[in-house]
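Here the structure is laid out as C-alpha coordinates; the discussion comes afterwards.
So that the names make sense, note that chain A is the first sequence line, chain B the second, and so on, each numbered from 1. Computed over heavy atoms, backbone and side chain alike; hydrogens, waters and symmetry mates excluded.
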Amino acid sequence: MASPDGGANRSGKKKVRTKKLSTRVDLTAMVDLGFLLITFFMLATSFNKPKAMEVNKPAQDENVATEDLPEIQQSKTYTVLIGTNDKAYCYSAGADETGSIAVDSTDFSRNGLRERLRERQKAVAAQWGSQDELFVLIKPLPQSDFRNLVNVLDEMAINGIKKYAIIDEFSAADSSIVGQIGQYLGTKQATN
Amino acid sequence: MSQIKLPRKSTAIDMTAMCDVAFLLLTFFMLTTKFKPQELAKINVPVSTAQNPVPEANVLTIQVNEKGKVFLGVNDQHTREAWLDKIAVHYKLPAFDESQLDNFKLMDAFGVPIEQLPRLLNMEPEERAGHAQPGIRLDSLDNQLGMLVKLAKEANEELLIALKCDGATDYEKVDKVIQTLQAQKVYKFNLITSAKPLGEGRE
(Lines give C-alpha, C1' and ligand atoms only; values in the text may rest on other atoms or scores of the structure.)
Protein backbone atom coordinates (compact mmCIF):
# COMPACT_ATOMS: atom_id res chain seq x y z
CA MET A 1 0.00 0.00 0.00
CA ALA A 2 1.87 3.01 -1.09
CA SER A 3 0.18 6.20 -0.35
CA PRO A 4 1.81 9.45 -1.39
CA ASP A 5 1.99 10.58 2.23
CA GLY A 6 3.48 7.46 3.57
CA GLY A 7 6.04 7.58 0.89
CA ALA A 8 7.01 11.10 1.82
CA ASN A 9 7.44 10.24 5.50
CA ARG A 10 9.50 7.31 4.88
CA SER A 11 11.84 9.28 2.77
CA GLY A 12 12.57 11.53 5.85
CA LYS A 13 11.40 14.76 4.37
CA LYS A 14 10.09 17.65 6.49
CA LYS A 15 6.71 17.13 8.19
CA VAL A 16 3.93 19.62 7.52
CA ARG A 17 2.92 20.74 10.97
CA THR A 18 -0.27 22.57 11.59
CA LYS A 19 0.10 25.07 14.38
CA LYS A 20 -1.93 24.01 17.40
CA LEU A 21 -4.31 26.76 18.32
CA SER A 22 -5.60 27.14 21.84
CA THR A 23 -9.26 26.30 22.20
CA ARG A 24 -9.73 28.96 24.87
CA VAL A 25 -11.72 31.96 23.83
CA ASP A 26 -11.68 35.24 25.64
CA LEU A 27 -15.06 35.35 27.30
CA THR A 28 -14.78 38.84 28.77
CA ALA A 29 -16.83 40.48 26.07
CA MET A 30 -19.53 37.83 26.32
CA VAL A 31 -19.76 38.24 30.10
CA ASP A 32 -19.96 41.99 29.65
CA LEU A 33 -22.84 41.59 27.27
CA GLY A 34 -24.56 39.13 29.58
CA PHE A 35 -24.44 41.47 32.53
CA LEU A 36 -25.54 44.40 30.43
CA LEU A 37 -28.66 42.51 29.41
CA ILE A 38 -29.26 41.34 32.98
CA THR A 39 -29.14 44.95 34.12
CA PHE A 40 -31.62 45.92 31.45
CA PHE A 41 -34.09 43.21 32.36
CA MET A 42 -33.74 43.86 36.05
CA LEU A 43 -34.59 47.51 35.56
CA ALA A 44 -37.42 46.89 33.13
CA THR A 45 -39.10 44.34 35.37
CA SER A 46 -41.85 45.57 37.61
CA PHE A 47 -40.82 43.98 40.85
CA ASN A 48 -43.20 45.88 43.04
CA LYS A 49 -46.22 43.76 42.27
CA PRO A 50 -49.43 45.55 43.17
CA LYS A 51 -51.42 44.14 46.04
CA ALA A 52 -55.16 44.02 46.31
CA MET A 53 -57.28 44.92 49.27
CA GLU A 54 -60.74 43.51 49.13
CA VAL A 55 -63.69 45.74 49.93
CA ASN A 56 -67.26 44.64 50.33
CA LYS A 57 -70.08 47.11 50.14
CA PRO A 58 -73.59 46.26 51.22
CA ALA A 59 -76.07 45.37 48.52
CA GLN A 60 -78.53 48.13 47.84
CA ASP A 61 -81.85 46.47 48.08
CA GLU A 62 -84.89 48.71 48.15
CA ASN A 63 -87.09 45.89 49.41
CA VAL A 64 -85.46 45.79 52.81
CA ALA A 65 -87.13 48.25 55.12
CA THR A 66 -84.92 50.31 57.39
CA GLU A 67 -86.61 48.84 60.44
CA ASP A 68 -85.52 45.34 59.47
CA LEU A 69 -81.87 46.25 59.55
CA PRO A 70 -80.03 45.13 62.65
CA GLU A 71 -79.48 47.78 65.24
CA ILE A 72 -76.07 48.22 66.69
CA GLN A 73 -75.73 49.41 70.23
CA GLN A 74 -74.05 52.76 70.54
CA SER A 75 -71.69 51.46 73.18
CA LYS A 76 -70.22 48.99 70.70
CA THR A 77 -69.47 51.52 68.02
CA TYR A 78 -66.54 53.72 67.27
CA THR A 79 -66.72 56.39 64.62
CA VAL A 80 -63.71 57.47 62.62
CA LEU A 81 -64.22 60.61 60.57
CA ILE A 82 -61.50 61.01 57.99
CA GLY A 83 -60.71 64.66 57.52
CA THR A 84 -58.33 66.55 55.30
CA ASN A 85 -54.64 67.14 55.97
CA ASP A 86 -54.19 63.54 57.14
CA LYS A 87 -56.30 64.02 60.25
CA ALA A 88 -58.83 61.65 61.71
CA TYR A 89 -61.48 62.49 64.27
CA CYS A 90 -62.73 59.67 66.43
CA TYR A 91 -65.48 59.45 68.95
CA SER A 92 -67.22 56.62 70.68
CA ALA A 93 -70.50 58.18 71.76
CA GLY A 94 -73.67 57.85 69.81
CA ALA A 95 -75.49 60.56 67.96
CA ASP A 96 -78.08 60.95 70.72
CA GLU A 97 -75.59 62.47 73.12
CA THR A 98 -75.27 65.57 71.07
CA GLY A 99 -74.48 67.75 74.04
CA SER A 100 -70.83 67.01 74.48
CA ILE A 101 -69.00 64.39 72.52
CA ALA A 102 -65.37 63.78 73.32
CA VAL A 103 -63.73 63.95 69.92
CA ASP A 104 -60.20 62.75 69.58
CA SER A 105 -58.23 64.41 66.85
CA THR A 106 -55.48 62.13 65.71
CA ASP A 107 -53.39 61.10 62.74
CA PHE A 108 -52.74 57.82 60.93
CA SER A 109 -49.41 57.00 62.50
CA ARG A 110 -48.63 54.02 64.70
CA ASN A 111 -49.25 56.04 67.85
CA GLY A 112 -52.27 57.82 66.49
CA LEU A 113 -55.30 55.99 65.25
CA ARG A 114 -53.95 52.56 66.14
CA GLU A 115 -53.66 53.41 69.82
CA ARG A 116 -57.20 54.83 69.84
CA LEU A 117 -58.57 51.70 68.22
CA ARG A 118 -56.75 49.45 70.67
CA GLU A 119 -58.08 51.42 73.64
CA ARG A 120 -61.57 51.18 72.23
CA GLN A 121 -61.16 47.45 71.63
CA LYS A 122 -60.19 46.99 75.27
CA ALA A 123 -63.11 49.08 76.46
CA VAL A 124 -65.56 47.07 74.36
CA ALA A 125 -63.98 43.81 75.50
CA ALA A 126 -64.39 44.89 79.12
CA GLN A 127 -68.03 45.80 78.62
CA TRP A 128 -69.23 43.12 76.21
CA GLY A 129 -66.84 40.28 76.83
CA SER A 130 -65.17 40.19 73.43
CA GLN A 131 -63.30 42.76 71.44
CA ASP A 132 -64.91 41.38 68.28
CA GLU A 133 -68.11 43.15 69.30
CA LEU A 134 -66.57 46.45 68.29
CA PHE A 135 -68.14 48.02 65.23
CA VAL A 136 -66.18 50.76 63.51
CA LEU A 137 -67.98 53.29 61.36
CA ILE A 138 -65.62 54.81 58.84
CA LYS A 139 -66.85 58.11 57.51
CA PRO A 140 -64.61 59.77 54.97
CA LEU A 141 -65.34 63.44 54.33
CA PRO A 142 -65.74 64.33 50.65
CA GLN A 143 -62.48 66.27 50.54
CA SER A 144 -60.37 63.69 52.34
CA ASP A 145 -57.64 61.82 50.51
CA PHE A 146 -58.28 58.31 49.29
CA ARG A 147 -54.93 57.33 50.79
CA ASN A 148 -56.32 57.86 54.27
CA LEU A 149 -59.29 55.61 53.63
CA VAL A 150 -56.82 52.89 52.70
CA ASN A 151 -54.89 53.69 55.86
CA VAL A 152 -57.97 53.21 57.99
CA LEU A 153 -58.95 49.98 56.22
CA ASP A 154 -55.42 48.80 56.77
CA GLU A 155 -55.69 49.57 60.49
CA MET A 156 -58.80 47.39 60.58
CA ALA A 157 -56.75 44.50 59.19
CA ILE A 158 -53.80 45.18 61.47
CA ASN A 159 -55.90 45.33 64.62
CA GLY A 160 -58.09 42.42 63.61
CA ILE A 161 -61.29 44.42 63.66
CA LYS A 162 -63.84 42.30 61.87
CA LYS A 163 -66.86 44.57 61.80
CA TYR A 164 -66.58 47.86 60.04
CA ALA A 165 -68.39 49.80 57.38
CA ILE A 166 -67.65 52.70 55.12
CA ILE A 167 -70.56 55.05 55.56
CA ASP A 168 -71.43 58.02 53.39
CA GLU A 169 -74.19 59.38 55.55
CA PHE A 170 -73.41 61.81 58.30
CA SER A 171 -75.36 62.06 61.50
CA ALA A 172 -76.19 65.29 63.26
CA ALA A 173 -73.30 64.66 65.63
CA ASP A 174 -70.97 64.25 62.69
CA SER A 175 -72.01 67.47 61.07
CA SER A 176 -71.54 69.40 64.29
CA ILE A 177 -68.03 67.96 64.59
CA VAL A 178 -67.34 68.77 60.98
CA GLY A 179 -68.50 72.30 61.67
CA GLN A 180 -66.19 72.57 64.65
CA ILE A 181 -63.15 71.43 62.74
CA GLY A 182 -63.93 73.82 59.94
CA GLN A 183 -64.61 71.42 57.12
CA TYR A 184 -67.70 70.95 55.09
CA LEU A 185 -69.70 68.02 53.90
CA GLY A 186 -70.13 69.27 50.36
CA THR A 187 -73.31 68.11 48.76
CA LYS A 188 -73.93 65.43 51.37
CA GLN A 189 -76.78 66.31 53.63
CA ALA A 190 -76.68 65.44 57.27
CA THR A 191 -79.32 62.90 58.07
CA ASN A 192 -80.54 61.97 61.45
CA MET B 1 21.35 33.42 50.12
CA SER B 2 19.11 31.67 47.81
CA GLN B 3 16.08 33.52 46.66
CA ILE B 4 12.75 31.84 46.66
CA LYS B 5 11.38 32.11 43.24
CA LEU B 6 7.69 32.59 43.06
CA PRO B 7 6.19 31.05 40.01
CA ARG B 8 4.67 33.73 37.88
CA LYS B 9 1.00 33.17 37.43
CA SER B 10 -1.04 34.25 34.51
CA THR B 11 -3.56 37.01 35.22
CA ALA B 12 -6.10 35.58 32.83
CA ILE B 13 -8.98 33.98 34.74
CA ASP B 14 -11.25 31.34 33.48
CA MET B 15 -14.45 33.19 32.68
CA THR B 16 -16.53 30.18 31.78
CA ALA B 17 -18.26 29.83 35.13
CA MET B 18 -18.99 33.54 35.37
CA CYS B 19 -20.37 33.52 31.87
CA ASP B 20 -22.59 30.59 32.75
CA VAL B 21 -23.99 32.39 35.77
CA ALA B 22 -24.54 35.58 33.82
CA PHE B 23 -26.53 33.82 31.16
CA LEU B 24 -28.46 31.77 33.65
CA LEU B 25 -29.60 34.96 35.35
CA LEU B 26 -30.28 36.54 32.01
CA THR B 27 -32.53 33.65 31.02
CA PHE B 28 -34.35 33.87 34.33
CA PHE B 29 -35.02 37.57 33.96
CA MET B 30 -36.05 37.24 30.34
CA LEU B 31 -38.59 34.59 31.17
CA THR B 32 -40.03 36.17 34.28
CA THR B 33 -40.15 39.76 33.07
CA LYS B 34 -43.49 41.36 32.62
CA PHE B 35 -42.90 44.75 31.18
CA LYS B 36 -44.40 47.71 32.91
CA PRO B 37 -47.44 48.68 30.90
CA GLN B 38 -47.48 52.12 29.45
CA GLU B 39 -49.40 54.32 31.80
CA LEU B 40 -52.16 56.56 30.63
CA ALA B 41 -52.31 58.47 33.84
CA LYS B 42 -49.74 58.76 36.51
CA ILE B 43 -51.16 57.06 39.56
CA ASN B 44 -49.38 56.81 42.87
CA VAL B 45 -51.24 54.07 44.63
CA PRO B 46 -51.31 54.24 48.42
CA VAL B 47 -49.33 51.74 50.46
CA SER B 48 -50.92 49.14 52.69
CA THR B 49 -50.04 45.90 54.41
CA ALA B 50 -52.43 43.91 52.19
CA GLN B 51 -50.67 40.84 50.83
CA ASN B 52 -53.03 39.37 48.24
CA PRO B 53 -51.57 39.69 44.78
CA VAL B 54 -53.74 41.12 42.02
CA PRO B 55 -54.89 38.27 39.74
CA GLU B 56 -53.14 38.01 36.37
CA ALA B 57 -56.21 37.55 34.22
CA ASN B 58 -59.87 38.52 34.12
CA VAL B 59 -59.42 41.86 35.82
CA LEU B 60 -61.22 45.05 34.92
CA THR B 61 -59.16 47.91 36.26
CA ILE B 62 -60.74 51.26 36.91
CA GLN B 63 -58.05 53.86 37.25
CA VAL B 64 -58.77 57.17 38.92
CA ASN B 65 -56.06 59.79 38.83
CA GLU B 66 -55.49 62.63 41.23
CA LYS B 67 -57.86 64.95 39.37
CA GLY B 68 -60.63 62.35 39.37
CA LYS B 69 -60.34 61.37 35.69
CA VAL B 70 -61.40 57.80 35.11
CA PHE B 71 -59.73 55.29 32.80
CA LEU B 72 -60.86 51.78 32.13
CA GLY B 73 -59.17 48.66 30.88
CA VAL B 74 -59.44 44.89 30.82
CA ASN B 75 -56.27 42.85 30.94
CA ASP B 76 -56.96 40.11 28.46
CA GLN B 77 -57.49 40.35 24.75
CA HIS B 78 -60.41 37.95 24.34
CA THR B 79 -62.50 39.97 26.72
CA ARG B 80 -61.48 43.17 24.97
CA GLU B 81 -62.74 41.78 21.68
CA ALA B 82 -66.10 40.72 23.07
CA TRP B 83 -66.35 43.96 25.01
CA LEU B 84 -65.81 46.15 21.94
CA ASP B 85 -68.54 44.24 20.08
CA LYS B 86 -70.96 44.89 22.90
CA ILE B 87 -70.00 48.56 23.07
CA ALA B 88 -70.62 48.97 19.36
CA VAL B 89 -74.02 47.31 19.57
CA HIS B 90 -75.16 49.15 22.67
CA TYR B 91 -74.07 52.62 21.60
CA LYS B 92 -75.10 52.00 17.96
CA LEU B 93 -71.66 52.86 16.66
CA PRO B 94 -70.72 51.87 13.12
CA ALA B 95 -69.12 48.43 13.21
CA PHE B 96 -65.43 48.52 14.00
CA ASP B 97 -63.11 47.27 11.30
CA GLU B 98 -60.17 44.89 11.64
CA SER B 99 -57.52 47.52 12.38
CA GLN B 100 -59.66 49.29 14.96
CA LEU B 101 -60.30 45.98 16.68
CA ASP B 102 -56.59 45.20 16.66
CA ASN B 103 -55.83 48.59 18.15
CA PHE B 104 -58.41 48.08 20.85
CA LYS B 105 -56.99 44.68 21.69
CA LEU B 106 -53.61 46.26 22.27
CA MET B 107 -54.86 49.06 24.48
CA ASP B 108 -54.36 48.52 28.19
CA ALA B 109 -56.82 51.20 29.11
CA PHE B 110 -58.68 54.11 27.61
CA GLY B 111 -60.36 57.20 28.94
CA VAL B 112 -62.53 58.91 26.35
CA PRO B 113 -66.28 59.35 26.05
CA ILE B 114 -67.72 56.59 23.85
CA GLU B 115 -68.42 58.95 20.95
CA GLN B 116 -64.70 59.62 20.65
CA LEU B 117 -63.71 55.96 20.80
CA PRO B 118 -63.68 55.34 17.00
CA ARG B 119 -61.43 58.36 16.52
CA LEU B 120 -59.10 57.15 19.25
CA LEU B 121 -58.90 53.74 17.62
CA ASN B 122 -58.03 55.25 14.24
CA MET B 123 -54.92 56.90 15.63
CA GLU B 124 -51.44 55.51 15.25
CA PRO B 125 -50.03 54.16 18.54
CA GLU B 126 -47.56 57.03 18.83
CA GLU B 127 -50.25 59.59 18.19
CA ARG B 128 -52.50 57.94 20.75
CA ALA B 129 -49.79 57.99 23.38
CA GLY B 130 -49.52 61.76 22.99
CA HIS B 131 -53.26 62.31 22.92
CA ALA B 132 -54.59 63.66 26.20
CA GLN B 133 -57.62 61.55 27.06
CA PRO B 134 -60.31 63.40 28.99
CA GLY B 135 -61.49 60.44 31.08
CA ILE B 136 -64.64 58.36 30.97
CA ARG B 137 -67.90 60.15 31.56
CA LEU B 138 -69.70 59.36 34.78
CA ASP B 139 -72.18 62.15 35.32
CA SER B 140 -75.61 61.13 36.49
CA LEU B 141 -77.35 61.81 33.16
CA ASP B 142 -75.08 59.69 31.06
CA ASN B 143 -73.09 57.35 33.25
CA GLN B 144 -70.95 55.62 30.66
CA LEU B 145 -68.71 54.09 33.30
CA GLY B 146 -71.61 52.08 34.68
CA MET B 147 -72.64 50.90 31.24
CA LEU B 148 -69.08 49.99 30.26
CA VAL B 149 -68.65 47.97 33.44
CA LYS B 150 -71.94 46.22 32.77
CA LEU B 151 -70.97 45.39 29.18
CA ALA B 152 -67.55 44.15 30.30
CA LYS B 153 -69.18 41.88 32.84
CA GLU B 154 -71.44 40.53 30.10
CA ALA B 155 -68.41 39.94 27.91
CA ASN B 156 -66.63 37.99 30.63
CA GLU B 157 -68.57 36.72 33.58
CA GLU B 158 -65.56 35.90 35.68
CA LEU B 159 -64.36 39.47 35.61
CA LEU B 160 -63.06 40.92 38.85
CA ILE B 161 -63.20 44.62 39.45
CA ALA B 162 -60.12 46.41 40.70
CA LEU B 163 -59.99 50.04 41.65
CA LYS B 164 -56.67 51.75 41.21
CA CYS B 165 -56.83 55.23 42.65
CA ASP B 166 -54.19 57.80 43.34
CA GLY B 167 -53.60 58.27 47.05
CA ALA B 168 -54.24 61.99 46.80
CA THR B 169 -57.62 61.72 45.07
CA ASP B 170 -60.49 63.27 46.99
CA TYR B 171 -62.75 60.63 48.49
CA GLU B 172 -65.72 62.35 46.85
CA LYS B 173 -64.42 61.36 43.42
CA VAL B 174 -63.67 57.79 44.42
CA ASP B 175 -67.08 57.58 46.00
CA LYS B 176 -68.72 58.50 42.69
CA VAL B 177 -67.03 55.52 41.09
CA ILE B 178 -67.96 53.22 43.96
CA GLN B 179 -71.58 54.31 43.79
CA THR B 180 -71.59 53.66 40.07
CA LEU B 181 -70.32 50.17 40.78
CA GLN B 182 -72.96 49.61 43.44
CA ALA B 183 -75.62 50.66 40.96
CA GLN B 184 -74.29 47.91 38.67
CA LYS B 185 -74.60 45.40 41.52
CA VAL B 186 -70.85 45.22 42.02
CA TYR B 187 -70.52 45.03 45.77
CA LYS B 188 -67.16 43.38 45.98
CA PHE B 189 -64.08 44.88 44.51
CA ASN B 190 -60.38 45.22 45.11
CA LEU B 191 -58.45 48.33 45.94
CA ILE B 192 -55.02 48.22 44.40
CA THR B 193 -52.27 49.24 46.75
CA SER B 194 -48.56 48.75 46.81
CA ALA B 195 -46.96 46.67 49.49
CA LYS B 196 -45.47 48.24 52.53
CA PRO B 197 -42.54 46.45 54.16
CA LEU B 198 -44.07 44.19 56.77
CA GLY B 199 -42.07 45.58 59.65
CA GLU B 200 -43.74 48.97 59.35
CA GLY B 201 -47.25 47.70 59.67
CA ARG B 202 -47.93 44.58 61.65
CA GLU B 203 -46.02 43.90 64.80
Smallest separation among heavy atoms of B:Ala168 and A:Asp145, with atom names | O-OD1, 3.5 Å

Crowded around B:Lys67 NZ? As in, over 12 foreign heavy atoms under 6.0 Å?
-> no

Does B:His131 NE2 have over 12 foreign heavy atoms under 6.0 Å away?
-> yes

Residue B:Phe23 versus chain A: region with a heavy atom under 4.5 Å | side chain

Contacting region of A:Val55 [heavy-atom separation from chain B under 4.5 Å] | both

So does B:Met123 have more than 12 non-hydrogen atoms from other groups sitting under 6.0 Å from CE?
-> yes

How many angstroms lie between CG in B:Leu26 and CD1 in A:Ile38, if you round to the nearest 0.5 Å?
-> 5.5 Å

Separation between CG of A:Asp168 and CD of B:Gln182, rounded to the nearest 0.5 Å = 7.5 Å

Using non-hydrogen atoms only, which part of B:Val47 is less than 4.5 Å away from chain A: side chain, backbone, both, or neither?
-> backbone

Name the region of B:Thr27, side chain, backbone, both or neither, that has any atom closer than 4.5 Å to a heavy atom of chain A.
-> neither

Contact origin within B:Asp20 toward chain A - heavy atom pairs under 4.5 Å | neither

CZ of A:Phe146 to CG of B:Asp166: how many Å apart, nearest 0.5 Å?
-> 9.5 Å

Best-contacting candidate, A:Lys51, A:Arg147, A:Met30, against chain B by heavy atom pairs under 4.5 angstrom | A:Lys51

Contact class of B:Val174 relative to chain A, heavy atoms under 4.5 angstrom = side chain

Max heavy-atom pairs within cutoff under 4.5 Å with chain B, candidates A:Ile166, A:Leu27, A:Thr28, goes to A:Leu27

Note, B:Tyr171 side chain near A:Gln143 side chain (heavy atom, < 4.5 Å) = no

Student check: side-chain heavy atoms of A:Glu54 and B:Phe189 closer than 4.5 Å | no

Heavy-atom closest pair, residues B:Ala50 and A:Ala52 = CB-O, 3.6 Å

How long is the gap from CE on A:Met53 to CD1 on B:Ile192, to the nearest 0.5 Å?
-> 12.0 Å

Close side-chain approach of B:Thr49 to A:Ile158, heavy-atom, < 4.5 Å | yes

Contact origin within A:Leu149 toward chain B - heavy atom pairs under 4.5 Å = side chain

Where is the tightest heavy-atom contact between A:Val150 and B:Ser48, given as atom of each residue plus distance?
-> CG1-CB, 3.9 Å

For the residue pair A:Lys57 and B:Ile178, establish whether any side-chain heavy-atom pair is separated by less than 4.5 Å.
-> yes

Answer with side chain, backbone, both or neither: which region of B:Leu163 has an atom nearer than 4.5 Å to a non-hydrogen atom of chain A?
-> neither

